[in-house]
There are 2 protein chains.
Amino acid sequence: MLVDADPELFKALGDATRRTILDELTDKDGQTLFEICGRLTMKHGLGSSRQAISQHLAVLEQAGLVRTRREGRYKFHHIDTGPLRSIVERWPPTPGEPNP
Amino acid sequence: MLVDADPELFKALGDATRRTILDELTDKDGQTLFEICGRLTMKHGLGSSRQAISQHLAVLEQAGLVRTRREGRYKFHHIDTGPLRSIVERWPPTPGEPNP
DNA sequence: GTTATACGCAAGCTGTCACTTGCCTGTCAA
DNA sequence: TTGACAGGCAAGTGACAGCTTGCGTATAAC
């Protein structure tokens with residue numbers, strides 16, 4: 001009886017706002033919560049509240065996709081793309097597919 | 001104003017049962033609906049109904065992760081891992097990470 | 001000390017999603 | 001043709017997830 005692996009990872013990637021946050025951290029790594037909020041509103045036009053983004057970041061952190069670093073009253077968020085590799089490793093390329 | 005890419009792909013991967021179906025198709029590709037139902041019950045112990053699995057397969061097909069082939073009254077399901085690569089390509093490896 | 005800033009916690013609301021239920025269509029065998 | 005088998009469609013239900021709201025805490029500026 002096998003079990004499902006990394007449910008939190010896929011749950012984290014399941015939300016569009018969280019994926020946009022990862023896009024934003026890819027563009028500029030190490031942002032604070034307010035910085036992310038501002039850029040999401042400006043560049044992506046989604047008016048999410050601070051608490052909403054904070055909860056999203058918590059989910060991303062629990063999935064291992066985001067690591068945080070405290071510095072005084074600031075909390076910087078860094079992307080970690082490592083867990084993403086477990087996805088392609090779980091379902092290997094289909095035989096017959098091109099493998100560039 | 002950028003938009004989110006491949007929402008259906010991530011939505012499809014967001015459910016544990018659908019991921020188990022992909023595991024099952026990885027183990028044995030080209031199964032029918034009833035075959036998948038049986039194996040999910042036997043090997044994974046989840047008692048999902050036929051309609052539930054059918055709906056899951058529809059979601060997986062819409063995400064491009066499963067391709068179907070009709071043959072008489074049978075419908076065979078084949079996994080397609082191609083879309084998975086867009087995930088790792090979207091968020092490239094963080095500089096400083098080991099790249100085996 | 002006072003105020004502002006950056007963030008955390010927890011309860012409540014709402015919409016979405018997975019699942020069920022019931023019935024229908026198409027295919028093959030007897 | 002009749003029955004069994006493989007699958008499809010659609011409405012209804014319940015639970016979870018995302019979001020809001022309100023208050024609380026810690027750090028830094030004045």
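So that the names make sense, note that chain A is the first sequence line, chain B the second, and so on, each numbered from 1.
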Report summary line: Comparing Arg73(A) with Gln55(A), nearest DNA chain C nucleotide closer to 5' gives the residue Arg73(A)
Query raised in the report: To the nearest 0.5 Å, how far apart are OG1 in Thr68(A) and NE2 in His78(A)?
Result: 8.5 Å
Under 4.0 Å between a side-chain N/O of [X] and OP1 or OP2 of [N], yes or no?
X: Arg18(B); N: dA18(C); answer: yes
X: Ser49(B); N: dT20(C); answer: yes
X: Ser48(B); N: dT20(C); answer: no
X: Lys75(A); N: dA26(D); answer: no
X: Ser54(A); N: dG8(C); answer: yes

Query raised in the report: Starting at CG of Leu57(A) and ending at P of dC7(C), how long is that distance when rounded to a whole Å?
Result: 10 Å
Query raised in the report: Taking N and O atoms by type only, does the side chain of Arg50(B) place a donor or acceptor under 3.5 Å from a partner on the base of dG8(D)?
Result: yes
Query - No-H, no-angle donor-acceptor pair, Glu71(B) side chain to dT27(C) base, under 3.5 Å - result: no
Query raised in the report: Between Thr17(A) and Phe34(B), who's closer to the 5' end of DNA chain D by nearest nucleotide?
Result: Phe34(B)
Requested in this report: On DNA chain D, check which nucleotide each of Tyr74(B) and Gln51(B) is closest to and give me the residue with the more 5' one.
Outcome: Tyr74(B)
Requested in this report: For the pair Asp4(A) and Arg90(A), find out whether any cationic side-chain nitrogen is under 4.0 Å from an anionic carboxylate oxygen.
Outcome: yes
Query raised in the report: Taking the side chain from Gln31(B) and the backbone from Glu24(B), do they hold a donor-acceptor pair closer than 3.5 Å?
Result: yes
Report task. Looking only at side-chain atoms of Thr32(B), point me to the closest of dT21(C), dG7(D), dC7(C). Result -> dG7(D)
Query raised in the report: Where the side chain of Arg70(B) is concerned, which of dG7(D), dT20(C), dG18(D) is the nearest nucleotide?
Result: dG7(D)
Report task. Assess whether side chain to side chain contact (heavy atoms under 4.5 Å, CB included) is satisfied between Leu22(A) and Thr81(A), documenting all intermediate values. Result -> CA-CA 9 Å; Leu22(A) 292 181; Thr81(A) 59; over 6 Å; no
